[in-house]
Amino acid sequence: MSEEKSLNFLEQIVEEDIANGVNDGRVLTRFPPEPNGYLHIGHAKSICLNFELAKKYNGQTNLRFDDTNPVKEDIEYVDSIKQDIQWLGFQWAQELHTSDYFEQIYEFAVQLIKKDLAYVDDSSADEIAVSKGTPTTPGTPTPYRSRSIDENLDLFLRMRNGEFKDGEKVLRAKVDLASPNMHMRDPIIYRIKHAHHHRAGDKWCIYPMYDFAHGQSDSIEKITHSFCTLEFIPHRPLYNWFIEQLGIFPSHQYEFSRLNLTYTVMSKRKLLQLVQGKFVSGWDDPRMPTISGLRRRGYTPASIRTFCERIGVQKRDNLIDVSLLEFCIREELNKTANRVMAVLDPVKLVITNYPADQVEELSAENNQEDPEAGRRMLPFSRTLYIEREDFMENPPKKFFRLGPGLAVRLKNAYIIKGESFDKDENGEITTIYCTYLPESKSGGDNSGLTVKGTIHWVSAAHAATAEIRLYDRLFNVENPDGEEGDFKSYINPDSLQIIPNAFIEPGLVNAKPGERLQFLRKGYFSVDTDSTPEKPIFNRTVTLKDAWAKEVKKN
RNA sequence: UGCCUGAUAGUAUAACGGUAGUACGACAGACUCUGACUCUGUUUGUCUUGGUUCGAAUCCAGGUCAGGCAACCA
């Protein structure tokens, strides 16, 4: 383990700070979600970054809810966010809420007013927008900019006391209306909202804006390194300006680029549209890039953490290939998931030389990658189900499966040879007939034969049935955000295929929700949260790599 | 057309003035009682033009391209 992993740019910053004795080497980060939606894998990047970086440098991480907008926030989201972070494997030092600082933030505002650095503005939203000018032309002061300190103090108190209606007045910082940075053109720092807050109740009718809450909260908590995404870069001068004018603890903001993944969307707004428009079954639909969706899909916390580590941290825009995420979950599940057999698209197979009333119990390895996983017994009989695609009437030369005259190994059982088949009036094969080699039994094969292919099966009389849900990418274009028009028009209509009656090994009816398995040759699956022994439900987490599918595609 | 970011294989990410490396993907092969896994090999890259330097992905200047910013959202 002498291999040195290079540091990402934020780790470099932290190491430099520690080396220079900044904050006495103390490292305290925070993860600051607004409780107005569910966490997605983009948040996971931020969570991993904040928690792992702090831990690496003997620091800690707070969970702070940025709950400054009561009309959009809800306790439901608070709970889901906490669950998701813990599920990912992280524990915050303190659970904090910006709303707990409202009194102090209010005092900060008063302080600003007293320094003549903030004023109450009676202008309408439109008037303020106009007065801010444009990026190329400076803003102009509204008539209220020159109010006296005393008048501002009085008005602000009356705002707090509920004497005005929503939108009637705002408190603005007095910064620089001519700044090339639009965020410095007297930003609004308090607005009136007569709304019930999920945590503060009805105590307040004025609420601070993000720019006058986030940095202040960082400072109150003495956060040393405040990491956020790139779109907050233009806010940083304001972040620093407030710290300077207020003379409070100098937290520092650093920005990194947010995660984008191919074949999905990542903005909360768009995910909400998918949920509300019923394009998916909910926030935890296994096709969603939400943490809860990935969890239900069968992703593990470790695979998501590994993924976040491999994508790195930088400042350039990126679009990560979802195949990397898939690689991370396959890599883990290959080592940990038991192998079982399930036939998704069954066709009957009759072994004509196998005794009609004989049933054998065959021993099967659970996971050859893990000797500890043990073995299980499987019933075998004359009539089986195999995968329809594993038989071809006129197979091409590279087809290593069953066909007339073609021999193949039944996994954990015998070598069989295809003989004949029945078809119905539509030309669809209904039954395949084959013969088996009794001396080719797995574990004791002395047939002297080797076959190129091995296929999976279940005994028809013993198999249980299950609902299997096959998931594919939610969108059929790599970057739905980058396409013309409504992103929803690029939704993949085949992103969910439900197989109501697949055949599974009898023992699988007892699989517990959340359990992860490999269906041999079909992919990794996990037991759905709605699954019961009476009606087992499996979600496909990810397919196996399929060299044959590629071969077929080529021709 | 103001300000702010950024630009290294298909996608990401290293190299911090000294041999452009790694992962995923793709392609080819070996192995295989999973056409899986594993293993081997191949392919493809420093946005551009100048400058500094013995030497530039790296430093400087100009350009190009991409993204962000003018919510009483965060």
Side-chain angles (χ1 to χ4, degrees), chain A residues 5-8 12 32-34 36 66-69 71-73 121 124-125 128-130 132-139 166-172 179-185 188-193 206-207 209-211 213-214 228-237 255 257 262 268-269 310-328 330-331 334-335 339 341 364-365 368-369 398-401 408-413 415 440 442-443 445 450-456 478 518-524 543-551:
Chain A
K5 201 179 166 294
S6 52
L7 303 175
N8 68 48
Q12 289 181 24
E34 185 193 9
N36 70 343
D66 230 333
D67 52 354
T68 57
N69 189 357
V71 302
K72 287 192 175 176
E73 296 156 10
D121 197 325
S124 70
I128 289 177
V130 169
K132 280 191 180 179
T134 71
T136 50
T137 56
D166 287 10
E168 210 176 318
K169 287 179 167 43
V170 292
L171 184 70
R172 289 225 261 168
S179 171
N181 181 343
M182 297 299 290
H183 294 276
M184 300 295 272
R185 320 249 265 227
I188 292 168
I189 59 177
Y190 260 95
R191 76 285 216 200
I192 299 169
K193 276 183 194 286
I206 57 172
Y207 294 92
M209 297 286 289
Y210 167 86
D211 281 313
H214 195 100
C228 61
T229 45
L230 256 28
E231 66 269 26
F232 292 99
I233 290 178
H235 294 249
R236 178 155 29 93
E255 311 85 11
S257 55
T262 55
K268 266 192 219 173
R269 205 188 91 252
R310 287 186 180 156
I311 59 175
V313 181
Q314 252 308 332
K315 293 185 81 157
R316 31 182 123 95
D317 291 335
N318 58 75
L319 181 59
I320 309 279
D321 197 326
V322 72
S323 67
L324 180 61
L325 214 210
E326 295 178 340
F327 171 82
C328 291
R330 284 194 190 107
E331 182 183 45
N334 175 51
K335 295 188 196 111
R339 273 61 169 170
M341 296 199 279
E365 204 172 19
Q368 71 276 37
E369 304 286 330
K398 284 164 95 176
F399 187 76
F400 305 140
R401 306 180 188 179
V408 74
R409 157 80 60 187
L410 291 174
K411 178 76 182 174
N412 299 312
I415 292 174
S440 66
S442 291
D445 186 347
T450 54
V451 289
K452 196 83 170 134
T454 300
I455 63 173
H456 60 278
E478 271 205 339
Q518 183 193 108
F519 287 173
L520 227 51
R521 307 206 302 139
K522 299 311 293 182
Y524 294 101
T543 60
L544 259 26
K545 283 217 264 180
D546 191 344
W548 173 245
K550 270 185 199 167
E551 185 69 27

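When reading the values below, keep in mind they use all heavy atoms of this one structure, side chains included, and skip hydrogens, waters and symmetry mates. A note on names: the letters A, B, ... follow the listed sequences, proteins ahead of strands, and every chain is numbered from 1.
Comparing the same atom, C1', in B:U64 and in B:G50 gives a spacing of 14 Å after rounding to whole Å. B:G45 and B:U22 have their P atoms separated by 15 Å, given to the nearest Å. Across B:A9 and B:U5, the matching C1' atoms stand 24 Å from one another, rounded to whole Å. Going from the C1' atom of B:A14 to that of B:A7 covers 16 Å, rounded to whole Å. Across the P atoms, B:U11 and B:G25 are found 16 Å apart, a figure rounded to whole Å. Atom name P, nucleotides B:G6 and B:A15: the rounded distance is 16 Å, in whole Å. Atom C1' of B:A23 sits at a distance of 26 Å from the matching atom of B:G18, rounded to the whole Å. Between the C1' atoms of B:C24 and B:U43, the separation comes to 15 Å (whole Å).
Nucleic acid contact for A:T68: sugar-phosphate only, since backbone atoms but no base atoms lie under 4.0 Å from a heavy atom of the residue. At the heavy-atom level, A:H235 lies under 4.0 Å from base atoms of the strands shown. The residue A:G443 sits close to a base: some heavy atom pair falls under 4.0 Å. Using a 4.0 Å heavy-atom criterion, one finds that A:E326 contacts no nucleic acid atom at all. Residue contacts shown for A:E255 are absent, as no nucleic acid heavy atom lies under 4.0 Å away. Across all strands, A:F400 comes closer than 4.0 Å to base atoms (heavy-atom distances). A:R339 comes within contact range of at least one nucleobase, with a heavy-atom separation under 4.0 Å. Across all strands shown, A:I311 has heavy atoms under 4.0 Å from sugar-phosphate atoms exclusively, and none from any base.
A:P237 pairs by the side chain to side chain contact (heavy atoms under 4.5 Å, CB included) definition with A:N181, A:M184, not counting sequence neighbours. Here A:E331 pairs with A:R310 under the salt bridge (charged side-chain N to carboxylate O under 4.0 Å, His left out) rule; sequence neighbours left out. For A:S440, the side chain to side chain donor-acceptor pair (under 3.5 Å) test picks out no residue, with sequence neighbours left out. Legend: residues meeting side chain to side chain contact (heavy atoms under 4.5 Å, CB included) with A:T134, ordered by chain and number and at least two apart, are A:T136, A:T137. In this structure, the side chain to side chain contact (heavy atoms under 4.5 Å, CB included) partners of A:E73, at least two apart in sequence or on a different chain, are A:E34, A:P35, A:N36, A:D67, A:N69, A:H197, A:H198. Residues forming a salt bridge (charged side-chain N to carboxylate O under 4.0 Å, His left out) with A:K452 (at least two apart in sequence, or on another chain): none. Residues passing the salt bridge (charged side-chain N to carboxylate O under 4.0 Å, His left out) test with A:K169, sequence neighbours excluded: A:D122.
Counting only distance, with no hydrogens or angles, the side chain of A:S442 and the backbone of A:A413 share a donor-acceptor pair below 3.5 Å. At distances below 3.5 Å, not a single donor-acceptor pair connects side-chain atoms of A:D321 with backbone N or O atoms of A:L324.
With pairs defined as Watson-Crick or G-U wobble and both atom distances under 3.5 Å, the stems of at least three pairs that touch RNA chain B come out as B:2-7 with B:64-69, B:10-13 with B:21-24, B:26-30 with B:38-42, B:47-51 with B:59-63.
Taking for each of A:R521 and A:Y190 the nucleotide of RNA chain B with the nearest heavy atom, the 5'-most of the two is the partner of A:R521. Across the interface with RNA chain B, nearest-nucleotide mapping of A:F519 and A:T262 shows A:T262 to be the residue nearer the 5′ end.
Separation of atoms CD (A:E326) and OG1 (A:T543) is listed at 6.5 Å; rounding is to 0.5 Å.
Here chain A contacts RNA chain B (any atom closer than 4.0 Å to a heavy atom, that is under 4.0 Å), and the contacts span B:U1 to B:A74 from 5' to 3'.
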